[in-house]
Visitor: 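Starting off with a structure, shown below.
Computation of the quantities below employed the complete heavy-atom set of this structure, encompassing side-chain atoms and omitting hydrogens, waters and symmetry-equivalent molecules. Each residue takes its place number in the sequence, starting with 1. Read the numbers this way: they start at 1 and go in the same order the structure lists the ligands and their atoms. Everything numeric here is computed off the predicted structure, so don't read it as measured data.
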Amino acid sequence: MTFIARQESFTCEHCGKDVAPLPRGTYRNHCPHCLYSKHIDAEGPGDRASDCGGLMTPVSLDQSGKKGWMIVHRCFLCGKEISNRAAPDDDLTSFAEHN
Ligand SMILES: [Zn+2]
Ligand SMILES: [Zn+2]
């Protein structure tokens, strides 16, 4: 698995907010405001190997040991699930609003 650290801002396709890149090289692949993601990775965060492009809904939240919070995203289009590490500035309280 190859990790590609891309630092770029994007506009969230779910809530429409502008999302700035994280400082210090941490990879961000989901919106910190509504926690939605986009299906661009095939097997792991940052590989960008998928051409699906579907919106990914946050379906569950897990706190797994020293990794901290993990957000499980499910693709709206193809149903694939990928877990992602939550960013320090993620608004985890917004998860409850979707479920
Ligand atoms: Zn959003
Ligand atoms: Zn997909």
Side-chain angles (χ1 to χ4, degrees):
M1 189 191 299
T2 314
F3 285 90
I4 306 160
R6 289 267 297 271
Q7 294 298 322
E8 55 195 17
S9 56
F10 62 93
T11 302
C12 176
E13 291 183 20
H14 181 252
C15 69
K17 287 186 177 143
D18 289 326
V19 180
L22 281 167
R24 292 191 288 156
T26 310
Y27 177 73
R28 160 130 58 206
N29 69 349
H30 57 271
C31 174
H33 307 290
C34 67
L35 305 180
Y36 274 62
S37 184
K38 205 178 162 184
H39 192 185
I40 50 175
D41 296 330
E43 297 305 330
D47 69 12
R48 307 247 170 171
S50 174
D51 54 9
C52 175
L55 204 59
M56 299 192 79
T57 312
V59 290
S60 68
L61 212 52
D62 285 312
Q63 195 172 25
S64 60
K66 51 185 172 203
K67 276 179 162 177
W69 287 99
M70 302 290 294
I71 304 169
V72 180
H73 288 106
R74 183 186 296 141
C75 181
F76 182 73
L77 286 182
C78 71
K80 182 169 178 71
E81 293 189 2
I82 299 179
S83 19
N84 293 286
R85 196 146 61 89
D89 60 351
D90 280 354
D91 182 9
L92 295 177
T93 59
S94 73
F95 177 77
E97 293 164 24
H98 302 303
N99 290 276

Visitor: What protein N/O/S atoms sit under 2.8 Å from the Zn ion (ligand 1), by chain and number?
Guide: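 Those protein N, O or S atoms (cut-off: under 2.8 Å from the Zn ion (ligand 1)) are C12 SG, C15 SG, C31 SG, C34 SG.
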Visitor: Between H39 and C78, is any pair of side-chain heavy atoms under 4.5 Å apart?
Guide: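 In short, these two side chains touch, coming nearer than 4.5 Å.
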Visitor: Here's a test for you: under side chain to side chain contact (heavy atoms under 4.5 Å, CB included), which of V59, L61, I82, D62 qualifies with I71?
Guide: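 So, applying the side chain to side chain contact (heavy atoms under 4.5 Å, CB included) to I71 and each of V59, L61, I82, D62, only L61 qualifies.
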Visitor: Please tell me if the side chains of P32 and D91 come closer than 4.5 Å, counting only heavy atoms from C-beta onward.
Guide: no
Visitor: Check side-chain hydrogen bond (donor to acceptor under 3.5 Å, both in side chains) between D51 and all other residues, then give those that pass, not counting sequence neighbours.
Guide: none
Visitor: Restricting to under 2.8 Å, identify the protein N, O or S atoms around the Zn ion (ligand 2) as residue plus atom.
Guide: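 As for protein N, O or S atoms lying under 2.8 Å from the Zn ion (ligand 2), they are H39 ND1, C52 SG, C75 SG, C78 SG.
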Visitor: Take D41 and S50 through the side chain to side chain donor-acceptor pair (under 3.5 Å) test and state the conclusion after the steps.
Guide: CA-CA 5 Å; D41 296 330; S50 174; over 6 Å; no
Visitor: Is it possible for you to say whether W69 and L35 belong to one hydrophobic cluster, with membership spreading through side-chain heavy-atom contacts below 4.5 Å?
Guide: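 As far as the 4.5 Å side-chain criterion goes, L35 and W69 are connected within one cluster.
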Visitor: Ignoring hydrogens and angles, tell me if any N or O in the side chain of R85 forms a donor-acceptor pair with the backbone of G68 under 3.5 Å.
Guide: no
Visitor: Pairs in or reaching into residues 72-93: which pass ring-ring contact (aromatic ring centres under 6.0 Å, His included), with residues at least two apart or in two chains?
Guide: H30-H73
Visitor: Does some side-chain heavy atom of N29 sit less than 4.5 Å from a side-chain heavy atom of R48?
Guide: no
